[in-house]
Amino acid sequence: MKRNYKVLILVVALAAVLWSFIPFKKSADPDPEKEAFLMGVLNFVLTNAHYKPADINDAFSEKVYTNYLKVIDGNKRYLLQSDVDGLNKYKTLIDEEFKEQRINFFNESYPMLQTRIQEAKAYYKEILAKPIDFTVKESIDTDYEKQPWAKNKEELKERWRKQLKLNVLSGIEDKLKLQEKDSIGKEPKKDFAELEKESREITLKSLNEFFEFFEEISREEWLSVYINTLLEQFDPHTNYLAPDDKQKFDESMAGSMEGIGAQLRKKDQNTEITEVIPGGPAMKQGELENGDIILKVAQGDEQPVDIAGMRLEKVVKMIKGKKGTTVKLTVKKADGNVKVIAIVRDKFEIEETFAKSSVIDTPEGKFGIIHLPKFYISFENRDGRDAFKDVAKEVEYLKEQKVEGIIVDLRNNGGGSLQTVVDMVGLFIPQGPVVQVKAKSGESDVLYDRDNKTQWTGPLVVLVNNYSASASEIFAAAIQDYNRGLILGSKHSFGKGTVQNLLDLNRFGNKKIGDLGAMKFTSQKFYRVNGGSTQLKGVESDLVLPDRFLYVDTGERDNENAMEWDKIAKAKYNVFDYNFAPVKDKSKKRVAANAQFKLIDESAKWVKSQQDDNTFPLEYNEYLAKSKQLEEQSKRFNVLKDYKNSLAFTSLPHDEALIKNDTVLQNKRKRWFKSLNNDVYVEEAVNVLQDIKASKFKIGSTTNLVK
């Protein structure tokens, strides 16, 4: 991420002004001084540093009001019309509250919601306590957004009744299907009454667990939700990170964290170990195993805390901790034995974050694929792993295997560090501009790859989809603008053409105020070297491959507060003099004739046709008839998941050495290869590489470049 130092200096220089107008009022609310100060800091930073600050006026206020109600009760299952009428006075006051560091709207809506949540518990428990009559001819409309708020509790309870009836019906249908599959008849067939009772019990259990989680959401967490509703009116990527969220963000970007190195899940009222992470402290200690149930957690020599029924996030927070400290877990083993395991916390890497590669063997030769989940970097440790350095290594490993073309897989890659992607583009082009960045002032800057070395000069394909965003789009756009390779995949990428700064808000506070967390705010927009923005439009693929979103426009354009598309002057750069037209023509003909792609296209059209069907019958026979009809319509698409290409994927020698004695890594690699073998998009990417190779593609000298 490129730091906008001018913005940060301005913010820091003016921060002291905040102290002159923060109202430190006493109230019954927790930490009112801190909350007021936080609102003042957020408003100040956004007004002075955001790329395009929103007008904080009545229109702004109405959007926040409407969107917050959607967030806290989007299904209109808790609040009544009278509640909304009571809150309506804030509809045009939230802008003034934000400017004056007040949160009266939140303070009034929060206890109201908590009361209604408790009432809803009584509704579902009463409804599910007795058999449901499925002979009544009625239906439910699940387009909740278009429905009015319930006029009274009776109407609200009726909504719950219909929704629960739908849930139980769905459960009965699932159980009937399981009985039909039991052709051997090992289990006796259950009658309708038994199936209905079991389905009600399962629905009740699920709702009890959901409401337990719901009730454990703290007031501070709800306040974060409200604050983010405010901030998102500036743009979709400006948001507030509470202290815990800031830590998660840093860990996500760095691909590492401090703790014991284990993944947990909630299993009934217990917390279960689902994976001991390879190379982590727990694996090195050697006693913790998959399937262990954690009963108690102790910090060092302190008394252990019983965690039965505790929210998973809270358990995770108790187990994580600073490097060098000790946590003691009381666990129940699979054989029933109870054991106390002491583990010294340490820093460990999250392997799924990092780049990985594979050799693809075909009759026409060897090719390589590099999978990059995100453009990661450690902002705290510049010597740590980052996407650029790791991808550079993977390219070298693939070159050692004498591959003749490389696929860079950026599907579902949501972005990351701006400088990292600039460096990574440099692996595939000679020296030159990669992306242009425009600041709030209107000044634009060009970010260059200044290393004249080109690490990979052979055929190149970049795979993208609707969820390839931000830094992924910078990479794809640069490869496309330089005519360096071909972009394959969805009609267009996500369409996020903005740059965010992460600002630690504690620079404005002091020990009295406490930890304020951080905020991510949009400070710049980036542009392709050809002058166009990726904002809203994304990067359009050179070769569009049918996918399930082909007829459904998804991405940045779905966000009502997204910034507009625009363009600036073109940068000075050279384009590779290579004609990809014959390769594109071959691919288009191949895709048009491919039965798998034809079926995917049909599936996408069917998904589009089902978007507006929100009404479901609640009479048993009518429900089953409609369900069967939909199942029959979709059945022809079931074969899509069974597709298998003829490609052979193998790990590189350095990976083989790592996974040789590590069964967890072995299984992860097997799962990846299996997914690649089921992937028609990778198969077509290999076909395209073969066509580029056959056309004698070669770069390496400036004679191959044109202005």
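We number each residue from 1, following the sequence as shown. Side chains included, hydrogens not; waters and symmetry mates left out as well; all remaining heavy atoms used.
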Residues in side-chain contact (heavy atoms from CB on, under 4.5 Å) contact with Asp504, at least two apart in sequence or another chain
Asn506

In Å, rounded to the nearest 0.5 Å, how long is the span from CD1 of Ile407 to CG of Leu398?
10.5 Å

How long is the gap from OG1 on Thr271 to CG on Leu264, to the nearest 0.5 Å?
6.5 Å

For the backbone of Ala648 and the side chain of Asn677, can you confirm whether one donor and one acceptor N or O come within less than 3.5 Å of each other?
no

Without swapping roles, check the side chain of Gln666 against the backbone of Ile659 for a donor-acceptor pair under 3.5 Å.
yes

Atom of Thr498, atom of His237 and distance for their closest heavy-atom approach
OG1-CD2, 3.8 Å

Result for salt bridge (Lys or Arg N to Asp or Glu O under 4.0 Å) between Asp679 and one of Lys644, Lys674, Lys641, Arg411 points to Arg411

Do Thr522 and Asp235 have side-chain atoms, one donor and one acceptor, less than 3.5 Å apart?
yes

Hey, is CZ on Arg345 packed in by over 12 heavy atoms from elsewhere, all under 6.0 Å?
yes

Taking every non-hydrogen atom, the tightest pair across Asp481 and Val575:
O-CG2, 3.7 Å

Please collect all side chain to side chain donor-acceptor pair (under 3.5 Å) contacts where either partner lies in residues 421-438, sequence neighbours excluded, each pair once.
Gln419-Asp423

Across all chains, not counting sequence neighbours, the salt bridge (Lys or Arg N to Asp or Glu O under 4.0 Å) partners of Asp655 are Arg669

With sequence neighbours left out, what residues match Asn239 under side-chain contact (heavy atoms from CB on, under 4.5 Å)?
Asn228, Leu241, Lys520

As an exercise, state the distance from CG of Leu463 to CD of Glu684, rounded to the nearest 0.5 Å.
10.0 Å

Considering all heavy atoms, the nearest Leu689-Gly405 contact:
CD1-C, 3.7 Å

N/O donor-acceptor pairs under 3.5 Å from side chains in residues 535-545, not counting sequence neighbours:
unit_1: Gln535; atom_1: OE1; unit_2: Gly497; atom_2: N; d: 2.7
unit_1: Gln535; atom_1: NE2; unit_2: Glu556; atom_2: OE2; d: 3.2
unit_1: Gln535; atom_1: NE2; unit_2: Met563; atom_2: O; d: 3.0
unit_1: Ser541; atom_1: OG; unit_2: Ser490; atom_2: O; d: 2.6
unit_1: Asp542; atom_1: OD1; unit_2: Gln480; atom_2: NE2; d: 3.0
unit_1: Asp542; atom_1: OD2; unit_2: Ile487; atom_2: N; d: 2.8

Between Lys320 and Glu258, does a salt bridge (Lys or Arg N to Asp or Glu O under 4.0 Å) hold up when you go through it step by step?
CA-CA 7 Å; Lys320 286 173 65 175; Glu258 292 181 356; over 6 Å; no

Start with the C-alpha gap between Phe234 and Phe521, add the side-chain angles, then the distance that decides, and say whether ring pair (Phe, Tyr, Trp, His ring centres under 6.0 Å) holds.
CA-CA 9 Å; Phe234 286 76; Phe521 67 94; over 10 Å; no

With sequence neighbours excluded, tell me which residues meet side-chain contact (heavy atoms from CB on, under 4.5 Å) with Ser470.
Lys496, Phe526

Closest non-hydrogen atoms of Phe375 and Ala471, given as atom of the first, atom of the second and distance, are CD1-CB, 3.5 Å

Side-chain donor or acceptor of Lys322 paired with backbone N/O of Gly259 under 3.5 Å:
no

Can you classify the ring geometry of Phe576 versus Tyr482 as parallel (below 30°), tilted (30 to 60°) or perpendicular (above 60°)?
tilted

Main-chain N/O of Thr457 paired with Thr454 side-chain donor or acceptor, under 3.5 Å
no

Mark yes or no for whether Thr420, through its side chain, and Gly416, through its backbone, hold a donor-acceptor pair below 3.5 Å.
no

Under the criterion side-chain contact (heavy atoms from CB on, under 4.5 Å), I'd like the reasoning laid out for Ser444 against Tyr527: C-alpha separation, chi angles, the key distance, then a yes or no.
CA-CA 9 Å; Ser444 58; Tyr527 298 81; over 6 Å; no

Using ring pair (Phe, Tyr, Trp, His ring centres under 6.0 Å) as the criterion, list what pairs up with Phe388, not counting sequence neighbours.
none

What closest approach, in Å, do Gly365 and Glu404 show between heavy atoms, and which atom pair accounts for it?
CA-OE1, 3.6 Å

Can you see which heavy atom on Pro243 is nearest to which on Tyr240, and at what distance?
CD-OH, 4.2 Å

Ring centroid separation for Phe597 and Tyr681, is it under 6.0 angstrom?
yes

Trp565 side chain vs Ser533 backbone, donor-acceptor pair below 3.5 Å:
yes

Please determine whether side-chain contact (heavy atoms from CB on, under 4.5 Å) holds for the pair Tyr573 and Asn530, giving the CA-CA distance in whole Å, both sets of side-chain angles, and the decisive distance to 0.1 Å.
CA-CA 9 Å; Tyr573 69 104; Asn530 70 7; 3.6 Å; yes

Hey, are His50 and Thr238 close enough side-chain-wise for a donor-acceptor pair under 3.5 Å?
yes

Inter-residue atom distance Tyr51.OH - Gln500.CD, 0.5 Å rounding
12.5 Å

Side-chain donor-acceptor contact under 3.5 Å, Ser468 with Asn413
no

Over 12 non-hydrogen atoms of neighbours within 6.0 angstrom of NZ in Lys314
no

With sequence neighbours excluded, tell me which residues meet salt bridge (Lys or Arg N to Asp or Glu O under 4.0 Å) with Lys328.
Asp301

Applying salt bridge (Lys or Arg N to Asp or Glu O under 4.0 Å), name anything that partners Asp390, two or more places apart in sequence or on another chain.
Arg385

Report yes if some heavy atom in the side chain of Ile600 is under 4.5 Å from a heavy atom in the side chain of Val680; otherwise report no.
yes

Pairing of Lys356 and Glu394 as salt bridge, 4.0 angstrom limit
no

Would Asn678 and Ser675 count as a side-chain contact (heavy atoms from CB on, under 4.5 Å) here? Give the steps.
CA-CA 5 Å; Asn678 298 138; Ser675 70; 5.5 Å; no

What do you reckon, is NZ of Lys323 surrounded by more than 12 foreign heavy atoms closer than 6.0 Å?
no

Residues passing the side chain to side chain donor-acceptor pair (under 3.5 Å) test with Ser493, sequence neighbours excluded, are Glu473

Dump the intermediate steps for side-chain contact (heavy atoms from CB on, under 4.5 Å) on Val434 and Val529, then the final yes or no.
CA-CA 6 Å; Val434 172; Val529 290; 5.5 Å; no

Output yes when a side-chain donor or acceptor of Gln401 lies under 3.5 Å from a complementary backbone atom of Val403, and no otherwise.
no

Checking the side chain of Asp691 only, and the main-chain atoms of Val583 only, is there a donor and an acceptor separated by less than 3.5 Å?
no

I'd like to know if the side chain of Asn559 reaches the main chain of Ala562, judged simply by a donor and an acceptor atom lying under 3.5 Å from each other, with no hydrogens or angles considered.
no

With sequence neighbours left out, write down each residue that passes ring pair (Phe, Tyr, Trp, His ring centres under 6.0 Å) with Tyr467, or none if nothing qualifies.
Phe549

In this structure, CD of Glu656 is separated from CG of Leu665 (nearest 0.5 Å) by 11.5 Å

Go through the structure and list residues passing salt bridge (Lys or Arg N to Asp or Glu O under 4.0 Å) with Glu396, not counting sequence neighbours.
Lys399

Rounded distance [0.5 Å steps], CD1 in Ile293 versus CD in Glu272:
4.5 Å

